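Below is one structure, written out as structure tokens; the observations come after it.
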Amino acid sequence: MILGSGFATFALSIAMVAAFVLGIFGIRLVMTGADRKRGLLMLGVGAVLVVNVLIWAWPMPALPAG
């Protein structure tokens with residue numbers, strides 16, 4: 001994937017901001033004990049977003065010439 005294009009870079013940036021926010025508020029919910037299940041789900045969704053961004057942004061190996 002070419003990461004120089006406008007929308008792709010914007011979408012990955014928004015996904016990382018969302019993962020960061022989900023992580024902060026997920027930890028907050030888990031630590032306060034207010035709603036532990038939702039906090040753990042928020043942490044899980046944040047982790048999935050980070051893994052998706054890594055998959056999309058990871059450099060692809062060069063194809064052999066020929």
Side-chain angles (χ1 to χ4, degrees):
M1 181 167 123
I2 300 172
L3 286 179
S5 64
F7 182 73
T9 305
F10 176 73
L12 293 177
S13 300
I14 293 298
M16 286 305 295
V17 169
F20 184 70
V21 170
L22 283 167
I24 288 174
F25 286 103
I27 290 171
R28 181 177 167 201
L29 282 177
V30 169
M31 294 302 245
T32 59
D35 201 352
R36 210 162 275 226
K37 185 187 289 187
R38 282 193 184 158
L40 291 174
L41 286 172
M42 289 171 77
L43 290 173
V45 170
V48 168
L49 276 175
V50 169
V51 170
N52 281 335
V53 169
L54 286 174
I55 289 171
W56 278 96
W58 202 264
M60 300 276 294
L63 295 176

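The structure displayed is predicted, hence computed values, not measured ones. Quick note: numbers below take in every heavy atom, side chains included, and nothing from hydrogens, waters or symmetry partners.
Placement of Val50 and Trp56 within a single hydrophobic cluster is found when ILVMFWY residues are connected by side-chain heavy-atom separations under 4.5 Å, directly or transitively. Linking Ile, Leu, Val, Met, Phe, Trp and Tyr residues whenever their side-chain heavy atoms come within less than 4.5 Å leaves Phe7 and Leu12 in two separate clusters.
When every heavy atom of Ala19 is checked against every heavy atom of Gly46, the shortest pair comes out as CB-O, 3.6 Å. Across all non-hydrogen atoms, the minimal contact from Ala15 to Leu49 is O-CD1, 3.9 Å.
From Met31, atom CE reaches atom CZ of Arg36 across 9.0 Å, with rounding to the nearest 0.5 Å. Atoms CD1 and CE, from Ile14 and Met16 in turn, are 12.0 Å apart once rounded to the nearest 0.5 Å.
For the side chain to side chain contact (heavy atoms under 4.5 Å, CB included) criterion with Leu43, the lone passing option out of Leu22, Ile27, Leu29, Val48 is Ile27.
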